[in-house]
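Note that this is a predicted model, so its numbers are computed, not measured. Only heavy atoms go into these numbers, but all of them, side chains included; no hydrogens, no water, no symmetry mates.
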There are 2 protein chains.
Amino acid sequence: MATIKDVAKQAGVAVSTASYALNGTKKMKQETKERVLQAARELQYQKNGVAMDLKKSKTKTIALILSDLTGPFYSELIRGVQEEVLEKKYDLLVCSSYGNESSTAAKFLREKRADGVILLAHNISDDFITESARTGFPIIVLDRVLPEKEALTSITVNNYKGGYEATRHLLEKGAVSAACIHGPINSSDSQERLSGYEQALQDSGLKKDSKWILNGSFTHEGGYQATKILIHQGDLPNAVFYANDEMAIGGLEALKESGLNVPEDIAIIGFDDIQLAPYLQPPLTTMRHPKYEMGKLASHVIFQVLEGQPVKSHYTLETEFINRESVSKQ
Amino acid sequence: MATIKDVAKQAGVAVSTASYALNGTKKMKQETKERVLQAARELQYQKNGVAMDLKKSKTKTIALILSDLTGPFYSELIRGVQEEVLEKKYDLLVCSSYGNESSTAAKFLREKRADGVILLAHNISDDFITESARTGFPIIVLDRVLPEKEALTSITVNNYKGGYEATRHLLEKGAVSAACIHGPINSSDSQERLSGYEQALQDSGLKKDSKWILNGSFTHEGGYQATKILIHQGDLPNAVFYANDEMAIGGLEALKESGLNVPEDIAIIGFDDIQLAPYLQPPLTTMRHPKYEMGKLASHVIFQVLEGQPVKSHYTLETEFINRESVSKQ
DNA sequence: CTGTTAGCGCTTTCAA
DNA sequence: TTGAAAGCGCTAACAG
């Protein structure tokens, strides 16, 4: 592998000259430049970016760490982040936190391989994150609120309110009983949505019934299974609030299999508004999670910090009610 | 930001000693080690991974470059790649080729920021890829066959055969006319699937009709629109072959909106077998693209090359027919 | 068991 | 306009 030194030698110039020629900075005799470029071509020279990053103490890279690289939810988030990052002429790297704190994620959090990190990974502990943030190395966390610390920013959505409003809508449209299929118990997103649901029930003078509160793990399959259980219990509620759309899709499936019509026999509402939601049969009424905006904001904030601008330590985004046909046909 | 030098000074030892202590390599007096670790803690020392990579001339990282970070198709591919990569104690980075040859992708292809690259990005040109591959820097291309070159490997699926079999199935189940909604014209995957379709038509003595060959851009929306056009043309075929499942989902939507029943009124078959396919109504019959296997193979091959083992320059994977209910109910 | 030292490949001041 | 040289932070001979 040819280095810049080889190129310089071949061209009969000093390394510094070669560097100038290769990077197009600085004015120089056209001929010298040509000679260097020619030498580089002959030697098939490729710059070593690692050496450059080290020298410059800057990587011009933002890392986005996700607990799961897949799933419909992340698409829009990534898009939001990517747009901002590219605009700033930075690069975006996505990596997984699979393997917890010995994962690739850790390398990026700890080893200065990126200039900043945006994190949506429930399997990385609060402490690990907090210890990684340091002056000049911003971390934006998207799924929890962390104690205030320099260079550490939280962005969350108002899940509680979203869950509350979703449930209220069910009740306002005539349901007198509503189940809730929630996500993993260690997910604060799910917990808050569930709290909103419970509060809405209470505010309507309904008491919660544990047989109607089931765990669907935030997955399609989980939603399907939980709904099956609901059905097999015999005593079906008028409506169900799925704490995310993926579970609602699974649930819809289960409902159809049992010959139940949505929304006539049972109303359902989801959460997130994933791309597929409008294409379901019936189109899914849901609380939209501002994924794209969250990505945009996260990258905006990260550059603010990088540029030394002051930022808040916690931002909250609101959900938006999306009315379609799974609760009631207009 | 504290460096290893600071740690050494604080602990009153040489940098090398600090390095040994920090990396746990080499046996050393427990007390010295403790002293170094303590100093590191006090100074909040974090190693600089970039410097380490430079020194070692190795990043222990594989980059996966995709033209689009999102979409259901990639999930399984990523999973396949990730499993192998992590098992080898390497890290996996995913980045987008958005912005073509000035993108993040280019940095990884050209600047030694990873030890190898797996590429599925139609917007990076053949030449650019070929010029990037070099001894000791393997590149695995997943969407085309490139001229033989050291360190350059192609893995493709037999799209032609897949398209052929999909169409044959339609015809065998009674269709006497079949449309094809294909993907982008610069996608060789799409082109080959289309060729397979045409050959199957011909082998059955049917002649192809350009009004039944439409571009759906491999997207949900594109499939929906193309199908609308098909319907509005008035003369509907008995069946349609969608060159990917996403378009089939859009198409199914359009068909339902027009009151057409699948498969009674019109049979449809997809390609890829994305996660959602079995959950559609009716469950989608499709040709399964071995995404997971492709990811597995790609990473297997990349490590073979890295370890100096010989590999073929081109691997082909076969598709698999998945019978569900969108062509005919059993 | 620990310290000294030579780079990894590059950018960038400073001097010529 | 070009060259010499320092040094980014780290690892790993090699010497002691």
May I ask you to say what [X] touches in the nucleic acid, namely base, sugar-phosphate or nothing, with a heavy-atom cut-off under 4.0 Å?
| X | value |
| --- | --- |
| A/K112 | nothing |
| A/N23 | sugar-phosphate |
| A/V50 | nothing |

Please report the distance, rounded to the nearest Å, between [atom1] in [X] and [atom2] in [N].
| X | N | atom1 | atom2 | result |
| --- | --- | --- | --- | --- |
| A/K9 | C/dG9 | NZ | P | 12 Å |
| A/L54 | D/dA6 | CG | P | 17 Å |
| A/E34 | D/dT2 | CD | P | 13 Å |
| A/L22 | C/dG9 | CG | P | 15 Å |
| B/K58 | D/dA12 | NZ | P | 12 Å |
| B/D6 | D/dC8 | CG | P | 11 Å |
| B/I4 | C/dT5 | CD1 | P | 17 Å |
| A/N48 | D/dC10 | CG | C1' | 14 Å |

- Task: Using the ring of B/Y315 (Phe, Tyr or Trp, six-membered ring only), decide whether B/K312 places NZ or CZ under 6.0 Å from its centre and within 45 degrees of its axis.
- Result: yes
- Query: Any sub-3.5 Å donor-acceptor pair from B/K291's side-chain atoms to B/S75's backbone N or O?
  - Reply: no
- Item | Main-chain N/O of B/R144 paired with B/S154 side-chain donor or acceptor, under 3.5 Å | yes
- Note on the structure: Assign each of A/S16 and B/A18 the nucleotide of DNA chain C bearing its closest heavy atom; nearer the 5' end lies the nucleotide of B/A18
- Task: Nearest-nucleotide wise, let me know which of B/K55 and B/V13 is further upstream toward the 5' end of DNA chain C.
- Result: B/V13
Nearest to the side chain of [X], heavy atoms from C-beta on, is which of [options]?
| X | options | answer |
| --- | --- | --- |
| B/M52 | D/dT1, C/dC10, D/dC10 | D/dC10 |
| B/K47 | C/dC10, D/dT1, D/dT11 | D/dT11 |
| A/K29 | D/dT1, C/dG3, C/dC10 | D/dT1 |
| B/Y20 | D/dA12, D/dA4, C/dC10 | D/dA12 |
| B/S57 | C/dC8, D/dT11, C/dC10 | C/dC8 |

- side chain to side chain donor-acceptor pair (under 3.5 Å) partner of B/N123, the single match among B/S97, B/S67, B/S103, B/S96: B/S97
- Taking only side-chain nitrogens and oxygens of B/T3, does any of them come within less than 4.0 Å of OP1 or OP2 of D/dC8? no
- Enclosure of B/Y98 OH (heavy-atom neighbours >12, cutoff 6.0 Å): no
